[in-house]
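Worksheet for the structure shown next.
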Amino acid sequence: MRVLKFGGTSVGSVDNIKQVIKIAKKAAAQENIVVVVSAFGGVTDLLLTSGIAASTKNEYTALLQQIQDIHIDFTKSLTTKDAEAVAEVESILGELKSLLEGIYLINELSPKTIDKL
C-alpha cells in the first residue's frame, strides 16, 4: 500500500485538486493507495484565526463565512452531484459554526478545541 500526501498548495485551487485526483487515480490503477490531504490552501489559518476571534469575543462570523464559501465553491466545482454534496458539506460546516459559537460563549480555546477546529 502506498500513501499519497498532498499539502495545502496542492489543494489550494480547483485546478490543483483536479491534478491531485488525476495523480491519485493513476496511482490507484497500479496499487492500493491511501490519500491524505491538508485543508484547502489558507483554510487552516482561517480556522485558527476564527477560533481566536471567537475566544476573545471578537467578530468571527466573517471568517466563518469565508470558510463556508471556499468549501461550497470547491464542492460545486468538483462534483456532479451538487445538491447532495453541498448538503453534506453544509452539515459539516454547521458543526464548525456550533463549535465557534461555543468557543465564543465560554471565551476559551483549549488545545483540544484547537484540534477539533
Side-chain angles (χ1 to χ4, degrees):
M1 179 169 301
R2 189 169 165 200
V3 177
L4 304 177
K5 181 5 179 130
F6 299 93
T9 302
S10 299
V11 291
S13 71
V14 170
D15 288 338
N16 287 359
I17 293 169
K18 287 179 180 179
Q19 186 63 31
V20 166
I21 292 168
K22 284 181 188 178
I23 293 167
K25 283 182 177 180
K26 184 177 178 181
Q30 298 172 356
E31 62 186 313
N32 290 332
I33 65 166
V34 172
V35 178
V36 179
V37 296
S38 296
F40 297 138
V43 170
T44 299
D45 289 339
L46 287 170
L47 288 167
L48 291 173
T49 303
S50 64
I52 292 166
S55 71
T56 57
K57 294 287 191 188
N58 287 302
E59 174 58 36
Y60 66 89
T61 57
L63 296 164
L64 175 60
Q65 188 62 55
Q66 280 183 268
I67 295 165
Q68 291 172 326
D69 291 347
I70 290 167
H71 284 81
I72 297 300
D73 290 347
F74 277 30
T75 301
K76 287 180 177 179
S77 296
L78 292 166
T79 183
T80 57
K81 297 180 180 180
D82 284 357
E84 187 178 322
V86 168
E88 179 65 24
V89 170
E90 286 176 340
S91 174
I92 295 166
L93 290 168
E95 294 175 24
L96 174 61
K97 180 181 179 186
S98 294
L99 180 59
L100 288 168
E101 288 170 349
I103 292 167
Y104 182 87
L105 290 172
I106 64 171
N107 299 350
E108 185 177 28
L109 186 60
S110 69
K112 186 176 181 178
T113 305
I114 291 171
D115 290 345
K116 181 77 171 167
L117 274 173

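What you see is a predicted model, and the numbers here were worked out from it, not measured in a lab.
Side-chain contact check for Ser13 and Lys18: no donor-acceptor pair (N or O, by modelled atom type) lies under 3.5 Å. Using modelled atom types and a 3.5 Å distance limit, the side chains of Gln65 and Asp69 yield a donor-acceptor pair. Thr56 and Asn58 share a donor-acceptor pair across their side chains, judged by distance under 3.5 Å alone.
Annotation for Lys26: atom NZ does not count as buried by contact number, only 12 or fewer foreign heavy atoms lying within 6.0 Å.
In terms of heavy-atom proximity, Val89 sits nearest to Ile72 at CG1-CD1, 3.9 Å. Considering all non-hydrogen atoms of both residues, Arg2 and Leu4 come closest at NE-CD2, 3.7 Å. Considering every non-hydrogen atom in both Ile103 and Gly51, the closest pair reads CG2-O, 3.6 Å. Shown here for Ala39 and Val11, the closest heavy-atom pair between the two residues is O-CG2, 3.5 Å. Contact between Gly7 and Ser38 at its shortest, heavy atoms only, is CA-OG, 3.4 Å. Between Leu109 and Ser55, the shortest heavy-atom distance links the atoms CB-CB, 3.8 Å.
A single hydrophobic cluster is seen to contain both Leu48 and Ile70, as judged by linkage of ILVMFWY side chains at heavy-atom distances under 4.5 Å, directly or through other members.
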Decide yes or no on side chain to side chain contact (heavy atoms under 4.5 Å, CB included) for Thr75 and Glu88, but give the supporting numbers first.
CA-CA 10 Å; Thr75 301; Glu88 179 65 24; over 6 Å; no
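For the pair Leu64/Ser50, no side-chain contact is recorded, criterion being any heavy-atom separation below 4.5 Å from C-beta on. Lys97 is not listed as a side-chain neighbour of Tyr60, based on a closest heavy-atom distance of 4.5 Å or more. With a 4.5 Å cut-off on side-chain heavy atoms, Ile23 and Phe6 count as touching. For the pair Leu96 and Leu117, the minimum side-chain heavy-atom distance is below 4.5 Å.
Between the Asn107 side chain and the Lys57 main chain, no donor and acceptor come within less than 3.5 Å of each other.
As a member of the Ile/Leu/Val/Met/Phe/Trp/Tyr network built from side-chain separations under 4.5 Å, Val34 groups with Met1, Val3, Val36. Within the hydrophobic cluster formed by Ile, Leu, Val, Met, Phe, Trp and Tyr side chains joined at under 4.5 Å, directly or through other members, Ile92 stands alone, with no partner residue.
In this structure, CD in Glu101 is found 9.5 Å from CG in Leu99, a value given to the nearest 0.5 Å.
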